[in-house]
Amino acid sequence: MSKKELAKTYNPSGMEDAIYQSWMDKGYFHAKVNPDKKPFTIVMPPPNVTGQLHMGHALDNTLQDILIRWKRMQGYEALWQPGTDHAAIATEVRVTNMLKEKGIDKHEIGREKFLEYCWDWKNEYGSRILNQLKKLGSSADWERDRFTMDEGCSRAVETVFCKLYEKGWIYKGSRIINWCPKCQTSLSDAEVEHEDQNGFFWHINYPVVGEEGRFVEIATTRPETMLGDTAVAVNPEDERYQDLVGKTLELPLTGRQIPVIADAYVDKEFGTGCVKITPAHDPNDFEVGKRHGLEEINILNDDATMNGLCGKYTGMDRYEARKAIVEDLKELGLLVKVVPHTHAVGTHDRCHTTVEPMIKPQWFVKMDEMAKAALDVVKTEDLNFVPEHFDKTYIHWLENIKDWCISRQLWWGHRIPAYYCDSCGEVVVHAGGAPSVCPKCGCTHFTQDEDSLDTWFSSALWPFSTLGWPDKTPELEYFYPTDVLVTGYDIIFFWVIRMVFSALEQTGKSPFKYVLIHGLVRDDKGRKMSKSLGNGIDPLEIIDKYGADALRLTLVTGNAPGNDMRFYYERVENSRNFANKIWNATRFILMNLDKSDVPETIDPDMLTGADRWILSRVNTLAKEVTENMDKFELGIAVQKVYDFLWDEFCDWYIEMVKPRLYSEEDPTKAAALWTLKQTLVQGLRLLHPFMPFITEALYQSVNDTDDSIMVSPWPVYKEEWNFASEETEIGTIKDAVRAIRTVRTSMNVAPSRKAKVYVVSQDAGIRKIFEKGRLFFASLGSASEVIVQEDKSGIADDAVSTLIHNASIYIPMEELVDIAKEIERLEKERAKLEGELKRSNGMLKNERFLSKAPAQKVEEEKAKLAKYQKLMDQVTERLSQLRK
RNA sequence: GGAGACGUAGCUCAGCUGGGAGAGCAACUGCUUGACGUGUAGUAGGUCACAGGUUCAAGUCCUGCCGUCUCCACCA
């Protein structure tokens, strides 16, 4: 008797947590340096500490867990390195809001106190998302859990910062950057999204000094910035304005005078061909200003209100000021016209506030050299994208990369390790706290830079900082570089690229060999799941209702790398149904195992054709699944396991074997039981990476053991279990069974009624196969009697109903219930055959086909033609009989 | 403006290196046979967007075209 009993229906709730706990207890997730094994490493994209599990995480981590579990079973020392990200701005905003609700102002309590609240927040919510990942079945090495702001990662950050600074690749400079007026911090280019917005083109006249009544007409989408204009530019080749260059204009509303300059940046064709230049508030104008030595006049406060230089507009919000300025220009008669115009506006990707270009002293990473190195690894294939075409996105971004603005005016994050000498102002970049003495003046008092680092600066180091870098730890030596990175295409720019160039620079190696890109999980209408739409589906609810296995299967089936997918409840139900199916198959096998003993090993001679067939199939399956896993085609891999278990194993093999199991004296009963168990176990192993919980439960039940499937060996293709002839044989028999079923339905033979079946063929080989298949016809085709006969005439003499494999399968006349229906069916068959004959004949008359196609193909076609011809004769004959 | 992806059964999508058009769901017709109705047997439904080309042979490769979507981009 089996110790492990299975419930009548599959019910994942409760079961999954217990199984997960047992894995944890046994320490199976923990990977150690092991010289006897090859390492396989994946670093988990660290979720935000304050985050909540969403479908994107569920998909991302399911894929990773599949790969890790698979490699672990293959005998690799598989490390899945987990951890969380401090998520600088996201967390800071949440903590700030939380404090605001309590009536606490961030700036009143100050930096240190604020950081205490942040850490409290992190400690309270930091493990929440990790626990949610556990519900999913993630087999990450939790003992190695890391945090981007823990001691080791912070040390890595400071080390990298110092090294790059010494190299001159990190510098501080006053440059134009993206400023979020709401979050009050600088942003990198990657954090700015461009949205098309409907706006206007305001055409404004600037009077030419000294020439009464002459104006230069400029066009702008942002009139308020004119207060910061320091020139008007025209194209040097523009004939219209040749004489203007060098002249002076009066800037309306300010009384300032600004020059007209010539710069090739101006497009003659666009607008009026005259561009107002505002170096302090536009990246292009900034460049123009640099070229012409123009003054940079900042007219905005950090919150995007007009600053003290704006006269009567001081204190107004930028949009209020815009209105007021347009009104005033209109009154002065300087507003020429207003034209509707849509243009791209930069917004902050987190809060969607319109970003304001501003000149601010910020820290930058020089990108040219490191970008070059990152481009090379793709070319040398040390780094490969799956699917491949994503390398184009990667290359394009790197080829157009600008220096990376890494400083943020935030408190939560790694504070920039730059110190300013209190007496002489010397900048000292120093890891591990303030330097002791100023190298310039000997002073011992320093003030640290107030800014912190872009959150991606630390996550860029994740693949090696988590393994102990900058120390040369055994883990780093053994597990690094990692094998695969699994992530969505939406963070190639933010994260993947930055990891690659950081790793190349610091470790000299690409951080991973493959980047497996997946798409977005969308709702059933194809929309992005988002908080604002409220169309998000909570993975935890799905797990509660259908189980983690069902969720995982849903996420991975039919999902090709890089493609988005839609989430349907129907698909989850189907996954759950599959779980129930294999649950019950196992239950059925267990019931039979309970009744009799199964030998540990089997005498190969005792195996029947059906046994050898299914064993061969599961053997081949192992090969196919492995091949697809190797190519990261996880969707195809799991589809194959699914089809095998449901269709071949459950619907065919188990049904084939039932008569043997129910018989007391069948000598092959033990072989059947052995094969059932053997095949099931192999199938469960192949399924385990995808559906870890249920496979574990079933594996332990059928083996009556506490040993875990997750550390059992991955099935390997073995030539001695390849039975090609049985595969063809059973294939033929399956076709015959289907044929009988079809005949029965079309003849309206009641399912309860056993029918007499004739198999007639000229082919002795086929007759032999059908002799062997007798039993299956009886049980699977509800045949009362099966008669296999030699077909001497070439045409069956009775009700020819279906024709397959050079044989006629029929149920005699007396079983016929509806002759009209039979005629109708045969007419259809005849039409089909006519088509086939036409096609086959055509091909065989095609000289080019005959001369150029492989000989084997031609032979096959000839055989087909002969077969069709013969079948046609039979159908015709039969029809004429029936019509009588 | 540049780049990429997609367009296959009513719906959602597979189809890898060219040779048989597929799955799930939905629909229709049956089935209380001793694992499972979260099941089972069967049926119907497609000019593989369109037009050319390469090839003995194209959903599969090439070109063009129509449509959908995404990403990147400083046109004031």
Side-chain angles (χ1 to χ4, degrees), chain A residues 6 8-10 176 189 194 201 218-222 225 233 265-267 269-278 282-288 341 343-344 346 357 387 389-390 392-393 395-397 400 489-490 492-493 519-520 524 526 546 550 554 557-560 562-571 573-592 627-628 631 633 635-636 639 642-643 647 650-651 654-655 658 662 737-738 741-742 744-746 748 750-752 779-782 843 846-854 857-858 860-861 864:
Chain A
L6 293 184
K8 275 191 177 168
T9 46
Y10 163 67
I176 195 142
D189 293 338
H194 292 89
F201 237 154
I218 58 98
T220 179
T221 53
R222 304 175 59 206
T225 63
Y265 151 69
V266 180
D267 180 351
E269 313 299 321
F270 193 77
T272 61
C274 302
V275 186
K276 62 191 270 307
I277 300 296
T278 322
D282 182 283
N284 293 304
D285 295 7
F286 178 78
E287 296 299 325
V288 174
H341 178 67
H343 59 135
H389 71 256
F390 278 102
K392 291 200 175 71
T393 313
I395 289 169
H396 182 259
W397 174 269
N400 296 286
Y489 55 71
D490 48 335
I492 293 178
F493 307 125
L520 266 35
D524 57 353
Y546 300 97
T554 306
T557 38
N559 188 6
N563 284 2
D564 289 354
M565 62 171 299
R566 297 193 193 195
F567 194 91
Y568 287 91
Y569 281 96
E570 290 86 345
R571 293 189 52 216
E573 279 171 19
N574 179 245
S575 300
R576 188 270 322 267
N577 293 353
F578 174 67
N580 186 61
K581 184 73 187 175
I582 57 171
W583 180 272
N584 274 292
T586 306
R587 204 160 68 88
F588 172 77
I589 293 168
L590 275 175
M591 281 167 44
N592 287 286
E627 281 170 358
N628 280 292
K631 292 188 288 187
E633 290 283 4
I636 296 177
Q639 186 68 247
Y642 177 101
D643 288 342
D647 184 61
C650 290
D651 289 349
I654 289 183
E655 294 306 323
K658 275 180 180 172
Y662 296 151
V737 169
R738 281 200 203 93
R741 287 171 179 167
T742 311
R744 294 183 59 103
T745 350
S746 68
N748 280 349
S752 54
S779 64
L780 305 180
S782 289
M843 277 182 86
N846 183 332
E847 281 175 30
R848 284 188 292 186
F849 171 74
L850 292 174
S851 59
K852 297 199 180 176
K857 287 279 166 193
V858 178
E860 278 174 22
E861 204 52 48
K864 271 186 198 169

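Within every chain, numbering begins at 1; the chains are lettered A, B, ... in the order of the sequence lines, protein sequences first and strands thereafter.
For A35(B), its base sits under 3.5 Å from the side chain of Glu655(A) at one donor and acceptor pair at least.
Between the CG atom of Asn284(A) and the C1' atom of C74(B) there is a distance of 4 Å, rounded to whole Å. To the nearest angstrom, P of U70(B) lies 14 Å from CZ of Phe390(A).
Asn584(A) pairs by the side chain to side chain donor-acceptor pair (under 3.5 Å) definition with Asn580(A), Arg587(A), not counting sequence neighbours.
Side-chain nitrogen and oxygen atoms of Arg741(A) include at least one within less than 4.0 Å of the OP1 or OP2 phosphate oxygen of G42(B). Side-chain nitrogen and oxygen atoms of Arg571(A) include none within less than 4.0 Å of the OP1 or OP2 phosphate oxygen of U12(B). When the side-chain nitrogen and oxygen atoms of Lys392(A) are compared with OP1 and OP2 of C72(B), none of them lie within a distance under 4.0 Å.
Nearest-nucleotide positions on RNA chain B for Asp647(A) and Thr272(A) put Asp647(A) closer to the 5' end. Positionally, the nearest nucleotide of RNA chain B for Glu633(A) lies more toward the 5' end than for the other of Val266(A) and Glu633(A).
The base-pairing partner of G59(B), taking Watson-Crick or G-U wobble contacts with both distances under 3.5 Å, does not exist among the strands shown. With a 3.5 Å ceiling on both atom-pair distances, the Watson-Crick or G-U wobble partner of G4(B) is C69(B).
For Tyr265(A), counting side-chain heavy atoms from C-beta on, the closest listed nucleotide (A76(B), G15(B), A35(B)) is A76(B).
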